[in-house]
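Read through the structure below, which is laid out as structure tokens, and then see the notes.
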Amino acid sequence: MARWPWIAGLAVLAIGAGWFVTRPAPLPATALDGITPDAARGAVTFAAAGCASCHSAADGPREVLAGGRAFVTDYGTFHAPNISSDPVQGVGGWSDLELASAILRGVSPDGAHYYPAFPYTSYVKADVQDVADLIAHLRTLPASDIPSLPHDLRFPYNIRAGLGVWKALYLRDDWVADAPTPELERGRTLVEALGHCAECHTPRDALGGLDRSAWMQGAPNPSGDGRIPAITPAALDWSVQDIAAYLESGFTPEFDSAGGSMADVIHGTALLSDEDRLAIAAYLKALP
Amino acid sequence: MKIRTIIAVAALGLSVTTALAQDSLSEEQQRALNARQAHMGLYGFYLTPLGQMAQDRIPYDAAIASAAANNLAAMAAIDQAAFWVDGTDSSVEGSRARAEIWTDAAGYAQVQQGMVEATAALALVAGDGIDALKGAFGPVGQSCGACHQTYRAPAN
């Protein structure tokens with residue numbers, strides 16, 4: 001019943017905290033100092049991060065980030081905004097630091113909290129260099145002048161200030177899994193940070209935070225029907241090659257074809273290198 | 001005495017069956033659900049050797065590839081209207097068919113047509129060598145995925 005339960009959690013917390021406002025904390029002004037963005041690398045990071053899965057129009061080309069996709073919840077409807085390079089309707093006029101603060105901290109240029117429907121809750125773990133690369137790539141994508149749609153949330157879920165308390169509790173940048181080898185480390189960056197796999201594959205607690213003790217053990221589908229499958233070794237007996245092939249082609253070892261929101265994820269992972277897909281698979285196989 | 005018991009048990013059995021049937025799908029609904037899932041299972045069956053060749057997991061064999069691709073194309077092309085009996089969307093046990101198949105029949109027909117075309121193109125060239133197979137296999141995979149993305153729910 002309680003889909004997207006974090007939003008119920010934030011209402012409870014906001015009321016419980018007497019509307020105490022936890023101040024949004026953007027990146028420090030010097031966060032990007034000394035970093036030279038590489039737009040070509042950023043194209044890969046962008047594919048891994050799945051930004052287009054949410055920000056491209058459902059029936060439009062994936063490189064036009066005009067927004068408009070609706071995420072229907074019991075509390076109202078979220079709309080992914082226009083993040084194309086248009087200076088007025090998109091984010092073309094934002095500085096690199098403003099964009100990085102949105103992605104890595106969930107804070108807007110005017111200092112408001114974003115809802116965790118935007119998975120900065122995972123991107124918070126990403127490397128600043130990777131995000132700077134991604135932003136450089138973002139700026140090469142086409143502009144769209146379609147205005148963003150407002151969210152349509154019911155009171156009290158439409159009060160952003162309550163998110164400060166939620167973020168203080170749940171916005172964590174420490175890793176869940178150990179990564180003793182460079183391959184596992186790369187896999188962990190791709191899974192825990194960029195690919196935000198846990199946002200779908202891990203269940204949430206009563207206040208809507210990810211339940212780290214049940215990491216990747218499957219969860220109700222936020223968009224309603226069916227369940228997101230568990231992808232731990234105990235649940236999925238596929239080989240490393242099977243997992244990598246699925247992330248490239250969408251085919252399971254029995255040649256069923258991935259559907260639902262995973263099909264969108266695979267549009268991104270299909271663009272990664274074989275090494276990156278194998279690193280993701282190695283990470284999953286090393287989970288408890 | 002014995003006969004009475006048998007009749008009583010039979011009557012009980014009958015009423016239990018009726019009660020179950022009222023709770024779940026009608027025979028017609030269940031048959032359609034089974035049929036379409038079996039049909040999909042055969043897609044997977046014929047696709048397997050083609051996919052294994054395209055992914056370099058087994059050696060290319062022109063005869064096996066053509067036969068599988070012809071069967072896949074034939075299966076894609078048959079009329080499937082009778083599969084979509086009302087009341088069998090993913091809200092009922094065992095079904096993963098999204099309600100959009102019924103509410104957006106035109107969109108569904110369009111992705112189905114995409115699969116018909118992609119499998120026909122594959123059947124034309126599957127016997128012409130591994131490169132031809134690989135080239136035509138991609139669009140077939142995309143045609144499965146395009147439909148499952150919108151019209152199939154995750155399993156329960």
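Below, chain A is the first sequence line, B the second, and so on; all start at residue 1.
Between B/K134 and B/D131 there is no salt bridge, since none of the side-chain N atoms of the basic residue sits less than 4.0 Å from a carboxylate O of the acidic one. Residues B/R98 and B/D89 are not paired through a salt bridge, judged by the lack of any N-O separation under 4.0 Å between the basic side chain and the carboxylate.
Relative orientation of the A/Y170 and A/W166 rings is tilted, given thresholds of 30° and 60° on the angle between their planes.
No donor-acceptor contact under 3.5 angstrom links the side chains of A/E63 and A/S56, judged on distance only.
Only the side chain of A/D256 comes within less than 4.5 Å of a heavy atom of chain B; its backbone N, CA, C and O stay farther away. With a threshold of 4.5 angstrom between heavy atoms, B/Q52 approaches chain A through its backbone and through its side chain. If you measure heavy-atom distances from B/F137 to chain A, the contacts under 4.5 Å come from the side chain alone.
Two residues are said to be in side-chain contact when any heavy atoms from C-beta on lie closer than 4.5 Å; A/I280 and A/L272 meet this criterion.
The greatest number of non-hydrogen atom pairs below 4.5 Å with chain A, out of B/T48, B/T150, B/L50, is found for B/T48. Between chain A and the options B/Q55, B/R96, B/M40, heavy-atom pairs under 4.5 Å are most frequent for B/Q55.
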